[in-house]
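Quick notes on the structure that follows.
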Amino acid sequence: MPIATASQTIGPYWHLIEDPSWADLTRLGAEGERITLSGTVTDGDGAPFSDVCVELWQPDPAADDRFPGFGRSRTDAAGVYRFTTLKPGPVAGRGNAIQAPHLALWVLGRGLMRGLATRVYFAGEPRNETDPVLGLVEDPARRATLVAAAAGPGAWRFDIRLQGAGETVFFEV
Amino acid sequence: MADPAPFRPAAPGTQPPYDVPAYLGTRKRHPLQQPVRLDPTLTEANGPRFTPALFPADADLSRVDGHSAQGQRIIVAGTVTDEDGRPVPHTMLELWQANAAGRYHHPADQHDAPLDAHFKGSGRVFTDAAGRYRFLSVLPGAYPWPNHKNAWRPNHIHFSLFGPAFATRLITQMYFPGDPLLAYDPIYNGVPDAAARARLVAAFELDLTEPDYALGYRFDIVLRGRGATPMGI
Ligand SMILES: [Fe+2]
């Protein structure tokens with residue numbers, strides 16, 4: 001059986017493939033409830049991590065010619081990434097479960113030998129209480145790292161802490 | 001609807017850990033907590049679709065506006081398959097690399113080596129129905145980096161692949177055979193398994209080489225596959 005090719009870091013020069021417009025998933029004319037998602041990526045010293053590649057994928061709304069479902073944002077010198085997208089609704093989970101509205105993120109950067117996968121849920125969403133993936137994280141403080149905070153009308157804030165205090169929950173699929 | 005089949009876990013040592021002490025950049029960036037194991041849902045089992053219509057291919061890094069870049073012209077080709085040996089058709093590959101002198105066309109690269117107005121260093125190709133891809137470039141130069149004393153990255157090309165699912169996403173680097181710098185590179189050596197490391201090194205192939213034109217290198221890529229069919233199904 002073939003074995004999957006090893007991952008290597010994306011390094012500091014990945015902007016050569018960057019199209020900054022990809023950070024706006026509504027750029028192709030998608031209609032729906034528009035939101036922004038932004039946050040700071042910090043390292044184990046709490047220092048902002050610049051030139052990170054944050055990728056976003058969402059299963060809802062379904063991708064089509066006007067909504068790619070996928071976005072990519074760099075972090076700036078202050079470690080801040082920013083997406084514009086459509087607010088997702090609930091989607092089917094395993095078994096007959098329903099998953100609360102969420103986004104999938106993949107975090108890449110120099111010093112990361114592999115991408116780090118996490119999820120963004122939305123504070124105040126009643127379905128969060130029964131979401132099967134949030135339910136995998138028993139510690140409420142850790143679970144809270146997966147929940148974006150409201151930061152104004154249509155604006156959500158989701159910080160990513162790679163290491164140490166308040167470390168974001170990362171998933172292995 | 002049936003639940004998505006789980007992805008096959010990595011064979012031991014074939015993927016790098018997050019903590020690679022010799023690679024200083026990992027020290028403050030590797031999570032201390034164990035990742036939470038997640039059986040795939042629709043979120044992980046689906047992924048973005050890219051088509052050349054919306055994301056135009058650019059399979060020639062060796063020229064800008066019809067002018068040839070400096071350096072040794074190369075052809076890189078290979079097949080993208082999954083862990084069951086099935087070709088991954090019509091998937092997008094993104095590529096980026098330093099120029100022949102070891103300098104990136106990037107404002108953050110301050111290495112004192114010449115830029116080349118006829119080399120931008122990024123490309124995008126798609127696999128065909130049989131999972132094959134091919135592009136044209138120049139041999140990237142080695143470049144210094146501030147990791148340890150006299151640290152130089154081996155010649156390499158960066159690859160980004162998507163595959164059929166968000167869980168099959170892969171970022172990797174392709175190296176060149178016989179490069180003496182490989183032995184000293186903590187990123188390459190961050191992969192514990194020697195055979196898995198060796199698979200990151202392209203093979204020179206005379207059959208891919210074009211007479212009077214360019215050297216040919218083969219680099220085959222394997223994306224994650226699904227686990228065996230669950231018992232009883
Ligand atoms: Fe590089």
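Convention: sequence-line order gives letters A, B, ...; per-chain numbering from 1. Just so you know, these numbers come straight off a predicted model, no measurement behind them. Hydrogens, waters and symmetry mates play no part in the numbers below; they use all other heavy atoms, side chains included.
- Using a 4.5 Å heavy-atom cutoff, the side chains of A:Ile17 and B:His158 are not in contact.
- Here A:Leu116 is the residue among A:Leu116, A:Asp65, A:Asn96, A:Val133 with the most heavy-atom pairs under 4.5 Å with chain B.
- Proximity to chain A is limited to the side chain of B:Ala167, based on heavy atoms less than 4.5 angstrom apart.
- For a residue to count as touching a neighbouring chain, one of its non-hydrogen atoms must lie under 4.5 Å from one of that chain's; by this rule B:Phe50 touches chain A with the side chain only.
- When each of B:Ala11, B:Gly190, B:Gly47 is checked for heavy-atom pairs under 4.5 Å with chain A, B:Gly47 comes out on top.
- Side chain of A:Trp57 to main chain of B:Thr43: a donor-acceptor pair is present (N/O by atom type, distance under 3.5 Å, no hydrogens or angles).
- For the atom pair CD1 of A:Ile3 and CD of B:Gln15, the computed distance is 10.0 Å after rounding to the nearest 0.5 Å.
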(message) Walk me through whether B:Asp84 and A:Met1 qualify under side-chain contact (heavy atoms from CB on, under 4.5 Å).
(response) CA-CA 6 Å; B:Asp84 295 312; A:Met1 287 289 218; 3.8 Å; yes
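- There is no contact between B:Leu24 and chain A, counting heavy-atom distances below 4.5 Å.
- Contacts between residues 51-64 of chain B and chain A, defined by a heavy-atom separation under 4.5 Å, are made by B:Phe55.
- Scanning residues 153-161 of chain A against chain B with a 4.5 Å heavy-atom cutoff picks out nothing at all.
- The 12-atom threshold is exceeded at CG of A:Asp139, counting heavy atoms of other residues, nucleotides or ligands nearer than 6.0 Å.
- Of the listed residues (B:Asp193, B:Asp109, B:Val20), the one with the most heavy-atom contacts under 4.5 Å to chain A is B:Asp109.
- Between the NE2 atom of B:His106 and the CG atom of A:Asp51 there is a distance of 7.0 Å, given to the nearest 0.5 Å.
- Scanning all heavy atoms of the two residues, the minimum distance from B:Pro40 to A:Arg94 falls at O-NH1, 2.6 Å.
- Side-chain contact between B:Lys28 and A:Gln163 is present, with heavy atoms from C-beta onward closer than 4.5 Å.
- Per-residue heavy-atom pair counts under 4.5 Å with chain A were compared for B:Pro48, B:Ala10, B:Ala108, B:Gly25, and the maximum is reached by B:Pro48.
- When heavy atoms are compared at a cutoff of 4.5 Å, B:Glu44 approaches chain A solely by way of its side chain, counted from C-beta outward.
- Contact of B:Arg49 with chain A is not made at all, since no heavy-atom distance falls under 4.5 Å.
- Once rounded to the nearest 0.5 Å, the distance linking CD of A:Gln58 with CG of B:Asn46 reads 13.0 Å.
- For the 3.5 Å distance criterion, the side chains of A:Gln8 and B:Tyr175 qualify, holding a donor opposite an acceptor.
- With a 4.5 angstrom heavy-atom cutoff, B:Ile187 touches chain A via backbone and side-chain atoms both.
- Inter-residue side-chain proximity for B:Tyr23 and A:Arg110 is flagged as met; some heavy-atom pair is nearer than 4.5 Å.
- Remark: B:Thr26 OG1 to A:Leu162 CG distance equals 11.5 Å, nearest 0.5 Å.
- A heavy-atom distance below 4.5 Å is not found between the side chains of A:Met113 and B:Pro17.
- Checking side-chain atoms of A:Thr5 against main-chain N and O of B:Val222 turns up a donor-acceptor pair under 3.5 Å.
- For A:Arg127, the CZ atom counts as loosely surrounded, since its 6.0 Å shell holds 12 or fewer non-hydrogen atoms of other residues, nucleotides or ligands.
- In this structure, the portions of A:Ala104 lying under 4.5 Å from any heavy atom of chain B include both its backbone and its side chain.
- Between chain B and the residues A:Gly44, A:Pro12, A:Ala6, the largest count of heavy-atom pairs under 4.5 Å involves A:Ala6.
- When heavy atoms are compared at a cutoff of 4.5 Å, A:Val169 approaches chain B solely by way of its side chain, counted from C-beta outward.
- Nearest heavy-atom pair, A:Ser7 versus B:Pro16, reported as atom, atom and distance to 0.1 Å: O-CG, 3.3 Å.
- For chain A, the nearby part of B:Ser160 is the side chain; its heavy atoms alone come within less than 4.5 Å.
- We find the CD1-CD distance between A:Ile10 and B:Gln173 to be 10.0 Å, quoted to the nearest 0.5 Å.
- Contacts between B:His30 and chain A at a heavy-atom distance below 4.5 Å involve backbone atoms as well as side-chain atoms.
- In this structure, the side chain of B:Thr41 does not engage the main chain of A:Gly93 through any donor-acceptor pair within 3.5 Å.
- Heavy-atom distances place both the backbone and the side chain of B:Arg37 under 4.5 Å from chain A.
- A donor-acceptor contact shorter than 3.5 Å links the side chain of A:Glu167 to the backbone of B:Gln33.
- Between A:Leu112 atom CG and B:Arg29 atom CZ the span is 7.5 Å, to the nearest 0.5 Å.
- When all heavy atoms of B:Phe166 and A:Leu105 are compared, the closest pair comes out as CE2-C, 4.4 Å.
- Neither the backbone nor the side chain of B:Asn147 comes within less than 4.5 Å of any heavy atom of chain A.
- The environment of CZ in B:Arg218 is crowded: more than 12 heavy-atom neighbours from other residues, nucleotides or ligands sit within 6.0 Å.
- Nearest heavy-atom pair, A:Trp14 versus B:Trp96, reported as atom, atom and distance to 0.1 Å: CA-NE1, 3.5 Å.
- For B:Tyr18 (side chain) and A:Gly115 (main-chain N/O), a donor-acceptor pair under 3.5 Å exists by modelled atom type.
- At a 4.5 Å heavy-atom cutoff, the contact between B:Pro4 and chain A is made by backbone and side-chain atoms alike.
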